[in-house]
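Because only heavy atoms are used, hydrogens play no part in the values below, and waters and symmetry mates are left out as well, while side chains stay in.
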Amino acid sequence: MPRFIAIVTEWHLGFRRFNSANCKIKSYFQSGNNNGQGLISGHMNGSLSRMFATLCEKLAEDALKDSPVSDMLVDSFGRLHTYLRISLTERCNLRCQYCMPAEGVELTPSPQLLSLNEIVRLGNLFVSSGVDKIRLTGGEPTIRKDIEEICLQLSNLKGLKTLAMTTNGISLARKLPKLKECGLSLVNISLDTLVPAKFEFITRRKGHSKVMESIDAAIDLGYNPVKVNCVVMRGFNDDEICDFVELTREKPINVRFIEFMPFDGNVWKVKKLVSYYEMLDRVGKRFTGLQRIGDHPTETAKNFRIDGHQGTVSFITSMTKHFCAGCNRLRLLADGNFKVCLFGPSEEPLEELFFLQQLIEVSLRDPLRHGVNDDELKEIIGAAVKRKKAAHAGMFDIAKTPNRPMIHIGG
C-alpha cells in the first residue's frame, strides 16, 4: 500500500531526546509568536509561558518514569496520548440543543460505520501502543445493540486500565448491571438540569426521571464516583449551579460543570457562556470549605472538594482556561475518522493528506478496509498525531471554524 506509506514518512520523533530545554510548547509561547498570542482571544494572561513551560517539564519527567509509550502516540511537542475516546454511533435518543441542530443531522449510512471487529482491532492497536484508557461515546453508546460485546472485548485488552462511558442515562439503569459485568469501570452521565420541564426543553424529549434513576443505579452498583456532566448555559441552567453541587453532599457524585462550547449548528454565542471563574465564585459564596484538589498534569478538569460533602465538584474550562499543554486525548469517530483535537477543523479525504500538512483528522476506516496491516495503520496514526498543534484556537475563532456537530464527533 505505497500511497498510505508515502504520507507518513519523515515524522519520526525520538522521545528520549525530548527534555525541558527543547520543549517546543515552551518555546512556542515564549517566542512572542503572534499566532500563539491570539490562540484564545485574550483569555490567557502573562503567566502563560511559565505555565506551559512548567507543564512541559512535568509531563516529560512523568513520561520517562512511566512505562514506555510507542512513538506513534507522541506528538511533536512531547505530549503522550494514552487516552482514546471512541464514538460508537451517531444516533441518539435525545436531541440536545447544544449537540444537534434543530433541523437534525445527516447520519452516516450504517455500512460506513465501524463494525465491532474494526473497533476491537483499532482498540487493540492503540492499547498495545500505550493507550491505557478508553472512553465510549456517541451519539448515545447504549443504543448500539452490540454494546455489551464491545465492552467485554475492549475490557479484556491487555494493558487497558480503564474502560469508561459517557451516556445520557436514558436507558442506562437497566443495562448497567450487565455492562459492569462486561468490564465497564467508569460512568459519566450527562444531565444539564434538575427541572423536568427544562430537561424536555433542552433535549426536545422526555426522560428526566430515567436519568436520575440511572445515577442512583450507578451508585448502587458501586461506581465511585459517578460523574455527572452539566453544560452550563447562561439564562437556561446557570441558576441551578448550586443545586447541582447539593447532589454531592450525601452521594459519591462528581458534578462536572462544562463551559458551553461552539460546534456546528448549536448557535453558540459568547453571551451564553458562563466562565469558570464566575461558576467558581458562585459555588464559593454558597459553600464553605471549598478546596482545590491536586490535579494530574493531563487532567481536563479543575477539581474541588467541599467540607462535609461526600462527592466533589469539577470545572471543565475549554473556553476560558484551556488545558492543551497536558492534552493526552485522541478521538476515533463512529465513521472511522481519527481526530487528534476536539476543535480541529472538518476532515478531508485521505488521498488529499499529502497536500494538507495542517490536517488533523484522517480516516482509519478506509485504509483498514483496503487491507493495510497494523504497522501501516500505526504509521498513519503517528503521522496524524505528529501534526497536532500546540493548542486549539480561541473561542471566537473556533466559533467561525467549520467543524462537525457534536453528535458526529462524540461527546
Side-chain angles (χ1 to χ4, degrees), residues 1-5 7-8 11 67-74 80-91 108-139 141-166 179 182-185 328-340 347 349-351 353 360-386 388 408-410:
M1 293 294 167
R3 71 171 183 155
F4 292 115
I5 301 302
I7 62 176
V8 292
W11 287 102
S67 300
V69 173
S70 168
D71 180 66
M72 176 188 90
L73 299 176
V74 184
L80 279 65
H81 296 79
T82 56
Y83 179 5
L84 177 66
R85 301 173 71 99
I86 303 177
S87 176
L88 299 182
T89 178
E90 296 173 355
R91 297 183 181 276
T108 303
S110 294
Q112 296 179 28
L113 300 179
L114 292 177
S115 67
L116 164 65
N117 290 337
E118 289 170 334
I119 290 170
V120 174
R121 179 182 170 186
L122 289 171
N124 182 61
L125 189 151
F126 277 96
V127 172
S128 65
S129 299
V131 164
D132 59 20
K133 179 178 181 178
I134 290 177
R135 177 174 297 280
L136 304 177
T137 69
T142 61
I143 68 174
R144 185 153 168 159
K145 294 180 179 179
D146 54 359
I147 181 62
E148 294 172 358
E149 186 63 24
I150 290 173
C151 287
L152 181 62
Q153 293 201 33
L154 289 178
S155 67
N156 284 324
L157 294 178
K158 184 178 180 180
L160 187 70
K161 297 177 181 178
T162 304
L163 180 63
M165 177 185 291
T166 297
L179 290 173
C182 292
L184 186 66
S185 54
N328 69 336
R329 289 162 295 286
L330 302 170
R331 292 174 179 266
L332 180 61
L333 280 57
D335 63 1
N337 276 301
F338 178 55
K339 198 173 181 74
V340 299
E347 73 283 355
L350 184 64
E351 53 268 24
L353 185 58
I360 55 174
E361 183 175 339
V362 299
S363 174
L364 298 184
R365 179 200 64 206
D366 294 343
L368 190 68
R369 293 183 181 180
H370 278 82
V372 303
N373 60 38
D374 283 357
D375 287 339
E376 292 170 326
L377 283 171
K378 288 181 179 180
E379 289 181 333
I380 296 170
I381 293 167
V385 172
K386 295 297 185 291
K388 185 169 181 175
H408 278 172
I409 298 173

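Using a distance-only test at 3.5 Å, with no hydrogens or angles considered, no donor-acceptor pair links the side chain of N124 to the main chain of V120. For S185 (side chain) and L163 (main-chain N/O), a donor-acceptor pair under 3.5 Å exists by modelled atom type. Side chain of S70 to backbone of L73: no donor-acceptor contact under 3.5 angstrom is found. With hydrogens and angles ignored, the 3.5 Å screen pairs no side-chain donor or acceptor of R329 with any backbone N or O of R85. Side-chain atoms of K378 do not come within 3.5 Å of backbone N or O of F126 as any donor-acceptor pair.
In this structure, the separation between CG on D132 and OG1 on T162 is 6.5 Å, given to the nearest 0.5 Å. Between the CG atom of L333 and the CG atom of L364 there is a distance of 10.0 Å, given to the nearest 0.5 Å. Distance check: D71 CG to L80 CG gives 9.5 Å after rounding to the nearest 0.5 Å. With rounding to the nearest 0.5 angstrom, the CG atom of L179 is 8.0 Å from the OG1 atom of T142. L184 contributes atom CG, which lies 12.0 Å from atom CD1 of I150 (distance to the nearest 0.5 angstrom). Here the straight-line distance linking atom SG of C151 with atom CG of N156 works out to 11.0 Å at 0.5 Å rounding.
In plain terms, the two heavy atoms of S155 and C182 that are nearest each other are OG-O, 2.8 Å. Here the shortest heavy-atom pairing between L116 and E149 reads CD2-CG, 3.7 Å. Across all non-hydrogen atoms, the minimal contact from V372 to R121 is O-NH2, 3.0 Å. A pairwise comparison of heavy atoms in L125 and D374 identifies CD1-O, 3.8 Å as the closest pair. Heavy atoms only, all atoms of each residue included: H81 and V385 are closest at ND1-CG1, 3.9 Å. Across all non-hydrogen atoms, the minimal contact from T82 to V69 is CG2-CG2, 4.2 Å.
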**Report entry** Chi angles and distances behind the side chain to side chain donor-acceptor pair (under 3.5 Å) call for N373, D375
**Finding:** CA-CA 6 Å; N373 60 38; D375 287 339; 5.4 Å; no

Query raised in the report: Given the rule in the side-chain contact (heavy atoms from CB on, under 4.5 Å) test, do L154 and L136 qualify, once you have shown the distances and angles that lead to the verdict?
Result: CA-CA 10 Å; L154 289 178; L136 304 177; 3.8 Å; yes

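The only option from I86, V127, L368 that meets the side-chain contact (heavy atoms from CB on, under 4.5 Å) definition with L122 turns out to be L368. When each of R135, M165, R91 is tested with P141 by the rule side-chain contact (heavy atoms from CB on, under 4.5 Å), just one qualifies, namely M165.
With contacts defined as side-chain heavy-atom distances shorter than 4.5 Å, the pair L114/R365 qualifies.
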